[in-house]
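Just so it is clear: chains get the letters A, B, ... in the order the sequence lines come, proteins before strands, and each one is counted from 1.
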Amino acid sequence: MNETPHRYTAELAGQIEVAWQDRWQEWGTFHAPNPAGPWAEPEKVAGREKLLVLDMFPYPSGAGLHVGHPLGYIATDVFARYNRMTGKNVLHCLGYDAFGLPAEQYAVQTGQHPRKTTEENMVNMKRQLRRLGLGHDDRRTIATIDPDYYRWTQWIFLQIYNSWYDPEAEREDGGRGAARPIAELVEQFANGERPTPNGRDWVALSASEQSAILDGYRLAYTSEAPVNWCPGLGTVLSNEEVTNEGRSERGNYPVFKRNLRQWMMRITAYADRLADDLDRVDWPEKVKLMQRNWIGRSQGARVSFPVVGQDASIDVFTTRPDTLFGATFMVVAPEHPLLDSIVSQGDWPAGTKEAWTGGAATPKEAVAAYQLQASRKSEVERQTEGKDKTGVFTGAFATNPVNGEQVPVFVADYVLMGYGTGAIMAVPAQDNRDWEYATKFELPIIRTVQPAEGHPEDEAYTGDGPAINSSNDEISLDGMGVAEAKSTIIAWLEAKGFGEGTVSYKLRDWLFSRQRYWGEPFPIVFDEEGNAHAVPESMLPVSLPDVPDYSPKTFDPDDAASSPEPPLSRVPEWVEVELDLGDGRGVQKYRRETNTMPNWAGSCWYYLRYLDPANTEALVDPENEAYWMGPHATPVAGAPAGVQDPGGVDLYVGGVEHAVLHLLYARFWHKVLHDLGHLSSDEPFRKYFSQGYIQAYAYTDERGQYVPAAEVEETAGEYGGDPIYSWRGQPVNREYGKIGKSLKNVVSPDEMYEAYGADTFRVYEMGMGPLELSRPWETRAVVGSQRFLQRLWRNVVDEETGEVRVVEAPLDADTARVLHKTIDAVGRDYAALSFNTAIARLIELNNALTKLDAVPREAAEKIVLMVAPLAPHIAEELWSRLGHDETLAFAPFPKADASMLVEETVTCVVQIKGKVRDRIEVPADISEDDLREQVLALPKVVAATENGVRTVIVRAPKLVNVVPA
RNA sequence: GCGCAAGUGGUGGAAUGGCAGACACGCGGCACUUAGGAUGCCGUGCCCUCGGGCGUGCGGGUUCAAGUCCCGCCUUGCGCACCA
């Protein structure tokens, strides 16, 4: 009946794919040898280059994968497989980021324990990914929820907790500033080398006093500070997890500022290095820029303005100290700590304008009312109220140090406590915000930079120009440009003791605790005085207890007055412990820390565990870390001259959504571990590639409800108009966006395996376009990739008999040339992650082979090897049928014969005045003179150059451009 | 508002300053078929008086030659957003 029983159908593809997946597993094909540690196989490492390829750490979602998820995994797999065929020792594997909010929320929804649902989700995801044929080292699969894993997460926390940042420490790269053990700081305090902050003897201080001082230095510390409290999630969040609109990134709930005692990570100590070292890694500029913006380093000056009639001064940060002479008033944030003491106690001073008082009888009342009003505003309200300037006069004046002018001090919420010093000198002439405020409150404006020609009279001028109105008895900036004026005035301020050049950052310390159940417990206990103690390494891991009630206490999302309540605090038998911490104090009563770590903790270092997952002695054997991640001999392209290579993962592929979250946190942890001597590399991700997303169309009916995208029919519009979409006969609107359940446009990889097979799916995803671009999913287009693989199959296997049909014959010259050109191009494309163009080349070669009566063995074997990284199963199957016993995973990738890359004859394009007018076949090695002569003799050229020739451009052998007179 | 990308057929996309549209989808035709939503082959930027003309968001410029380089504008996407 069936005339083509051996056709490469989805069914046959499925059989082949599963069989090869079993073989790879059985043979341990993708096990990568380590130089040291428990899995040491130094003899297999010797003499090979290494390559460490990494995907972003996935969390096992209950919804399973959709076709967008595997895009990056396929890309890294193709790259890894290609490099394996060039002889490299390639490490590629995947683990699971299984703690955290999504896993917990899913568990809450389904009413089951998070561990159970998480493990089930991991099983499902592993099945989906295995069916894709990824060449992962499956021995190295890890999960953050595994106690053997989070033991090391806790160990790293202790390393950070037991460290401080010494800005004077010399680094091996010549820079200054590094993490050092806190014990060394204690020693400095104890032997008097470093005075304690309050000047008292270290040994005379109580344990609590010592503890409080050390908290001011530790890289992980607790502090009582305003944090982002999200009642809807029942937890606090880091700044990075809060959106511009003041809502939680996950769940979009309102977030409120609350003063709470929380764990923080002193990432600000690393601000400079995190910003500077971006120059040493190969990342997209866009992502580097996002990190630089987030760190927000700006050069400027701190200037002190003495408060008139008080023994106090207001410090401001400014990036424009050159404009000091134009400072006509000052503004402090409503939360500024000095505010209460500087507000004048009596009536409004003489000259107070009505607009400054906010309608209050005294400055004290006005400021109190304004503070209250500001404190009641949520972040959301600040946003929605727009940028209307509000504020009141404090009644106080401060002295401008450059000219002795007494300027009024205002309180206004356009100045933020969280940046700089929380106070500014206002220079309306050179700052738009200050201009607005000055105009609204009738304050003087003095230009101190000459505006450019044609600049509007009624606007601030923020550009460069010569300084004006900027002199006193000692100094004059007049005539200087902005840069020179800045350095001149800073030198003067420093000499007079009025201020100093300084740097300010937008980056804040990282809030590290969460009031959730499903996360790593802190290895911290509190004694009866409330002082924190590290749990000794020997007692790790501190296990997450099984509890009957793991769900977090959540609140009305708008209930700002609610307080977090960690689920672990409801387990007294776990919280209350008696321990001997080995610190000489013997067995004591302690209370465990009941907060848990954020899910970033486990994902901050997982790539390190991949290197040595079975190691029980260390998080990674130093030799393994140095082998896989150590610095290269030469820095990345574009790095400043003379810098050291930081090392790190050779290729990291993932979405840009983690540009300032995971990618910044991981860099910070990595640098701490580097400083403490645990890692030779100084950056985690040497090269990062930001992949695009696969999106899909979604359709809404007349009521705006989403309808199943798979059931929508498309019909051509009349007279070439736009196509019309309909669902069950009714017209629907098309939208473009994310793939998701709520949009009813999910396509799962399982459906693709079923309908086409994994290889076809892989080729389609890689062939759709460049990896960095987002593109729409189109199921009906997948068939093109299937046709390609079918033709490839047919070139080797007879569809009717199943016999191999290649012939033992030499290649004809044309085929040989196409083959070698393809080899040349495809190799370069793979190395450059240009998989879409590699596929196009392979299709062209395959189509050329299809036109032959029979395919010579050499061509068949080479195209099979070249296809193997993309479509490994069909390639293995054909390779095997061609008579090879072993996997082609390590078969050498074909090499192009350079002599085959040059054509004997070339089509030369003949242009007249830059337009193509003719073509001639010429020998590839034709001389310029011969070619010029031939072209000028062509009838069309002769006709066009009746009036003579102005010039002839010859680019032998491909192009001649004749320009007639 | 500030900053960064990107604009190429009906669609996804190719093109070291040198033949614009590789490859694929879709569409049209043909073959094979009881059948085709299978498979194969051919065609497919637009206009045309079949000579050719016009074409890479718009307007200028550099060049013998511009999708590519430069200037200005428009549009879209992304990031930041009272950051002093």
(request) Identify which nucleotide among B:U39, B:A84, B:G12 has an atom closest to any side-chain atom of A:Q790, counting heavy atoms from C-beta outward. (result)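 Selected nucleotide: B:U39.
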
(request) Please tell me which of the listed nucleotides, B:G13, B:A24, B:C64, lies nearest to the side chain of A:I843? (result) B:A24

(request) Indicate, with yes or no, if the rings of A:Y697 and A:Y725 have centres closer together than 6.0 Å. (result) no

(message) Does either side chain, that of A:E921 or that of A:T905, offer a donor lying less than 3.5 Å from an acceptor on the other one?
(response)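 A pair is found: one side chain offers a donor N or O, the other an acceptor, under 3.5 Å apart.
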
Less than 4.0 angstrom between a side-chain N/O of [X] and OP1 or OP2 of [N], yes or no?
{"X": "A:R7", "N": "B:G40", "answer": "no"}
{"X": "A:R320", "N": "B:A84", "answer": "no"}
{"X": "A:N836", "N": "B:A14", "answer": "yes"}

(request) For A:E713, check side-chain contact (heavy atoms from CB on, under 4.5 Å) against everything at least two apart and list the hits. (result) A:S726

(request) Give a yes or no on whether a donor-acceptor pair under 3.5 Å exists between the nucleobase atoms of B:C64, that is its base, and the side chain of A:K913. (result) no

(request) Answer yes when A:R932 and A:D929 have at least one side-chain N-carboxylate O distance shorter than 4.0 Å, and no when they do not. (result)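 The answer is yes: the pair qualifies as a salt bridge.
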
(request) Answer yes or no: is there a donor N or O on one side and an acceptor on the other, between the side chain of A:R508 and the main chain of A:G418, under 3.5 Å? (result)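 Looks like yes, one N/O pair under 3.5 Å.
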
(message) Once ring pair (Phe, Tyr, Trp, His ring centres under 6.0 Å) is applied, do any residues pair with A:Y756, and if so which ones, sequence neighbours excluded?
(response)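 So A:Y756 forms no ring pair (Phe, Tyr, Trp, His ring centres under 6.0 Å) with any residue.
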
(request) Determine which bases of RNA chain B form Watson-Crick or G-U wobble pairs with both distances under 3.5 Å, and write the result as a 5' to 3' dot-bracket string with | for other-strand partners. (result) (((((((..(((.....[....)))((((((.......))))))(((....)))..(((((..]....))))))))))))....

(message) Pick the closest RNA chain B nucleotide for A:G769 and for A:T318 by heavy atoms, then say which residue is nearer the 5' end.
(response) A:G769

